[in-house]
Amino acid sequence: MEKQAYIVGVYDDEEPLVNAAKKFKEEGVKIHDVYTPYPIHEIFEIQEVKSRLSIAAYIYGWIGGLGILAFMQYAAVLSWPLNYGGKPVNSFPSFILVTLVFTILFVTIMSLTTFIGRAQIFPGKTIDIIDPRTTDDKFVFVFPQEGTDRKKVEELLKSTGASEIYDR
Amino acid sequence: MYKTEVRGLLVEGGKTLGDVTRDIMRPLETRSPNWWRVVFGFASLMSIWGLYSIYITITQGIGTWGVNNTVGWGWAIINFVWWIGIGHAGTAFSIFLLVLRQKWRTSINRAAEAMTVVAVMCAALFPALHMGRIWNFYFIIPYPNTRGPLWVNFNSPLFWDFLAISAYLLISASFWYLGMIPDFASIRDKTTSKVKKAVYGFFSMGWLGSTKEWIRFEALAFILGGIAAVLVVSVHSIVSTDFAVGVEPGWHTTIFPPYFVVGAIFSGFAMVMTLMIIIRKFYNFENYVTDSHLGAIARILVFVSLIMGTAYLTEIFVAWYSGNKYEIFTFFHNRITGEFTPQFWAMFISNALVPQLLWIKKLRNNTTVLFIISIIINIGMWFERFNIVVTSLSKDFLPANWATYHPSWIEVGIYVGTLGFFTLGVLLFFRYIPMMAMSEVKGVMKFNKTKAK
């Protein structure tokens with residue numbers, strides 16, 4: 001994998017990181033990416049990233065639920081109607097449990113697939129680790145070297161309490 | 001906002017973020033302790049007995065069990081319901097507390113989910129073996145086949161059971177694995193061993209911890225958590241319909257679904273307590289699984305125990321109030337008194353009475369007492385299932401059909417075997433997977449500071 005050149009600013013704690021992110025936004029400097037050891041909701045808001053995964057899951061729920069109802073209708077009523085103790089062939093109330101469980105199963109499988117597809121996460125993926133300490137206890141801002149006002153970025157990083165600034 | 005004054009600190013001992021990674025990774029980096037090897041040996045022996053019993057069951061048939069025409073469901077179904085109950089609470093614990101945004105789940109959820117996955121696998125073994133012809137197992141899957149196509153009966157609780165358990169296992173395992181991805185990445189970046197770096201790196205799926213990854217990760221965790229919460233309730237309700245749709249006295253009641261769900265949560269929380277005390281004691285995680293964590297589980301146990309007691313008394317009251325002589329016979333002359341008296345009172349005392357001791361703060365703060373009570377609850381819950389399965393079946397409407405039931409060594413062997421499999425699974429989990437969700441523990445560390453301000 002080809003490594004891109006970055007300016008990396010390292011913070012030791014969440015609080016200065018969030019304040020710094022706000023400051024960068026005020027100054028109109030775009031942060032390319034933030035790497036943190038755990039999710040920080042303030043950063044999501046400042047960076048204005050959103051996930052539409054729950055909308056997708058809602059749609060999957062409808063597809064799965066209606067799909068399994070249609071399938072049971074086909075299997076138990078059209079394809080091979082069997083008389084179970086005189087119950088109606090299309091015994092809708094007792095189809096509900098299967099519908100519920102299958103819908104949940106379908107939503108899970110499809111949401112996982114969507115997550116893997118969108119986040120591009122899969123076993124054995126080759127990656128470019130910017131700073132290995134971000135999965136431990138460091139919080140990192142990353143700016144591409146090209147097209148960034150280096151002086152301004154470094155100044156802002158220093159004034160907001162970054163513990164390290166380095167090129168990579 | 002999290003109130004440390006009410007719950008106590010989530011992580012004690014003034015730990016930093018780096019300490020969390022180091023502490024939780026330690027069991028993976030060091031040689032496994034001696035007790036681990038000894039228990040592993042014992043569990044292997046138990047598993048071998050279990051495998052032998054399974055071999056005999058498959059090659060010679062259900063005739064090797066103690067079940068008969070009257071008591072057609074013996075230990076197999078008791079153990080099935082018992083294991084699935086234990087398997088329930090792990091995810092229930094993790095997911096309900098996630099959806100309710102309870103911060104104290106973070107040190108416990110990983111172990112609880114591991115317990116779930118292993119217990120559900122043990123549970124699934126029993127109905128599969130009980131089918132008799134396990135090699136025809138795939139008949140229960142509805143797919144276009146050359147047998148007609150003959151479809152399964154979508155009205156049957158046994159089919160619902162199959163679907164519910166498969167879905168539950170798959171979702172619990174996915175949820176568990178999803179939570180591990182960031183932790184595997186931590187190990188990948190921290191470990192010095194090349195083998196570990198490669199293996200954990202492979203399973204970390206290229207996790208970096210960028211904002212976009214985290215937001216999608218959280219969205220997915222909430223989707224899986226939200227829908228699995230429904231599943232937790234529905235799976236054990238479905239298990240209860242296996243009984244409730246039967247016309248046996250003592251089974252044919254509408255109280256069964258909530259009664260089973262609560263029972264499952266009860267036994268599972270007790271097992272979580274057992275496991276957390278072991279983890280805390282043997283791996284020195286006192287700073288992560290604090291007294292306030294154990295206290296919180298204990299308080300839930302007291303509450304659920306009250307519900308259990310109410311359910312037992314409701315059943316007995318309804319049997320009497322209905323005036324139905326078969327119900328009255330089953331509850332008053334076959335459980336409270338009669339042939340199965342010891343089993344009934346073992347259930348009642350250990351589930352409804354003993355946990356009430358936890359009202360006393362002194363006992364609640366004593367780890368040994370908590371450990372003993374959690375074991376008693378698990379035994380009591382086993383007897384609950386014994387009562388339901390065996391007493392109702394052994395003496396039904398026609399005295400000419402009455403029979404009693406004793407398990408054969410093969411049945412006992414399969415049960416001991418699953419205990420062995422479970423122990424092996426948990427031990428492997430201790431050894432190779434971070435026992436607590438590092439990223440989540442780190443995420444709640446900031447709430448420790450609220451008090452200092």
Side-chain angles (χ1 to χ4, degrees), chain A residues 13-15 33-40 43-44 47 49-54 57 61 71-72 75-76 79-80 82 84 87 91 94-95 97-98 100-105 107-109 111-112 114-116 118-130 132-138, chain B residues 16-18 20-21 142 148-157 159-160 163-164 166-167 170-171 174 178 181-182 185-186 188-190 201-203 205-220 222-224 227-228 230-231 234-235 237-238 241 438-440 442-443 446:
Chain A
D13 209 351
E14 180 185 328
E15 227 175 88
D33 217 338
V34 186
Y35 294 94
T36 51
Y38 55 85
I40 301 169
I43 298 286
F44 295 165
Q47 287 275 79
V49 286
K50 278 199 184 102
S51 166
R52 285 166 300 173
L53 202 56
S54 37
F71 168 72
M72 281 191 287
S79 169
W80 196 286
L82 265 181
Y84 294 109
K87 279 188 196 169
S91 39
S94 62
F95 287 171
L97 273 172
V98 174
L100 177 81
V101 176
F102 181 82
T103 307
I104 292 173
L105 184 64
V107 172
T108 306
I109 294 172
S111 308
L112 275 173
T114 314
F115 172 73
I116 288 169
R118 284 293 291 158
Q120 284 295 309
I121 273 186
F122 48 85
K125 179 186 174 189
T126 34
I127 40 165
D128 174 19
I129 301 172
I130 309 276
R133 295 169 302 170
T134 52
T135 54
D136 183 8
D137 59 349
K138 296 286 185 233
Chain B
T16 62
L17 295 177
V20 174
T21 322
L150 189 61
W151 301 101
V152 296
N153 180 2
F154 295 107
N155 306 316
S156 161
F159 172 69
W160 301 345
L163 186 67
S166 335
L170 194 97
I171 294 172
S174 323
L178 178 74
I181 294 174
S186 295
R188 172 198 69 201
D189 295 342
K190 187 102 181 159
F202 179 82
F203 287 112
M205 299 200 172
W207 181 266
L208 289 170
S210 69
T211 317
K212 277 214 163 135
E213 279 176 352
W214 276 122
I215 196 166
R216 288 182 182 129
F217 173 90
E218 281 218 318
L220 184 63
F222 266 92
I223 292 167
L224 293 192
I227 55 173
V230 183
L231 201 62
S234 71
V235 172
S237 301
I238 289 174
T241 56
M438 292 187 233
S439 64
E440 291 187 47
K442 287 174 195 166
K446 58 185 163 200

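We find the CG-OG distance between A/Leu105 and B/Ser166 to be 8.0 Å, quoted to the nearest 0.5 Å. Between B/Leu208 atom CG and A/Ile127 atom CD1 the span is 4.5 Å, to the nearest 0.5 Å. Annotation: the span from A/Gln120 atom CD to B/Met205 atom CE amounts to 12.0 Å, rounded to 0.5 Å.
Checked against ring pair (Phe, Tyr, Trp, His ring centres under 6.0 Å), B/Trp207 has the following partners two or more places apart in sequence or in another chain: B/Trp214, B/Phe217. Remark: B/Phe222 engages no residue in a ring pair (Phe, Tyr, Trp, His ring centres under 6.0 Å) (not counting sequence neighbours).
There is no contact between A/Lys138 and chain B, counting heavy-atom distances below 4.5 Å. Using a 4.5 Å cut-off between heavy atoms, B/Val235 does not touch chain A at all. Proximity to chain A (any heavy atom under 4.5 Å) is shown, for B/Phe154, by both the backbone and the side chain. Within the 4.5 angstrom heavy-atom criterion, atoms from both the backbone and the side chain of A/Ile104 approach chain B. Of the atoms belonging to B/Ile238, it is side-chain heavy atoms, and not backbone ones, that fall under 4.5 Å from chain A. For a residue to count as touching a neighbouring chain, one of its non-hydrogen atoms must lie under 4.5 Å from one of that chain's; by this rule A/Ile40 does not touch chain B. Contacts between A/Phe122 and chain B at a heavy-atom distance below 4.5 Å involve the backbone alone (N, CA, C, O). With a 4.5 Å cut-off on non-hydrogen atoms, A/Arg133 does not touch chain B at all. Of the atoms belonging to B/Ile223, it is side-chain heavy atoms, and not backbone ones, that fall under 4.5 Å from chain A.
A/Ser51 places no side-chain N or O within donor-acceptor distance of the main-chain N or O of B/Ile215, the cut-off being under 3.5 Å.
Contact count versus chain B (heavy atoms, under 4.5 Å) is highest, among A/Pro37, A/Pro132, A/Ser111, A/Pro39, for A/Pro39. In terms of heavy-atom pairs under 4.5 angstrom with chain A, the leader among B/Asn153, B/Thr21, B/Leu224 is B/Asn153. Among the candidates B/Lys190, B/Glu218, B/Glu440, the residue making the largest number of heavy-atom pairs closer than 4.5 Å to chain A is B/Glu218. Ranked by heavy-atom pairs under 4.5 Å with chain A, the list B/Arg188, B/Met438, B/Lys212 is led by B/Arg188. Note on A/Ala76, A/Ala57, A/Ser79: by heavy-atom pairs under 4.5 Å with chain B, the leading option is A/Ser79. Of the residues considered (B/Leu17, B/Thr241, B/Thr211), B/Thr211 shows the highest number of contacts with chain A, using heavy-atom pairs under 4.5 Å. The residue among A/Thr36, A/Asp33, A/Ile43 with the most heavy atom pairs within less than 4.5 Å of chain B is A/Thr36.
Closest of all the heavy-atom pairs between A/Tyr38 and B/Ser439 is CB-O, 3.3 Å. Counting all heavy atoms, side chain and backbone alike, B/Pro149 lies closest to A/Trp80 at O-CE3, 3.5 Å. Listed here is the closest heavy atom pair of B/Arg216 and A/Leu53: O-CD2, 3.9 Å. Pairing each heavy atom of B/Ser186 with each of A/Thr135, the nearest pair is OG-O, 2.7 Å. Shown here for A/Ser91 and B/Asn155, the closest heavy-atom pair between the two residues is OG-OD1, 2.8 Å. In terms of heavy atoms, A/Val101 sits closest to B/Ser234 at CG2-OG, 4.3 Å.
The side-chain heavy atoms of B/Ile227 and A/Thr103, taken from C-beta on, include no pair separated by under 4.5 Å. Looking at heavy atoms from C-beta onward, A/Leu97 lies out of side-chain contact with B/Leu163 at the 4.5 angstrom threshold.
Applying the side-chain contact (heavy atoms from CB on, under 4.5 Å) test between B/Ile171 and each of A/Val107, A/Thr108, A/Leu112 identifies A/Thr108 as the sole match.
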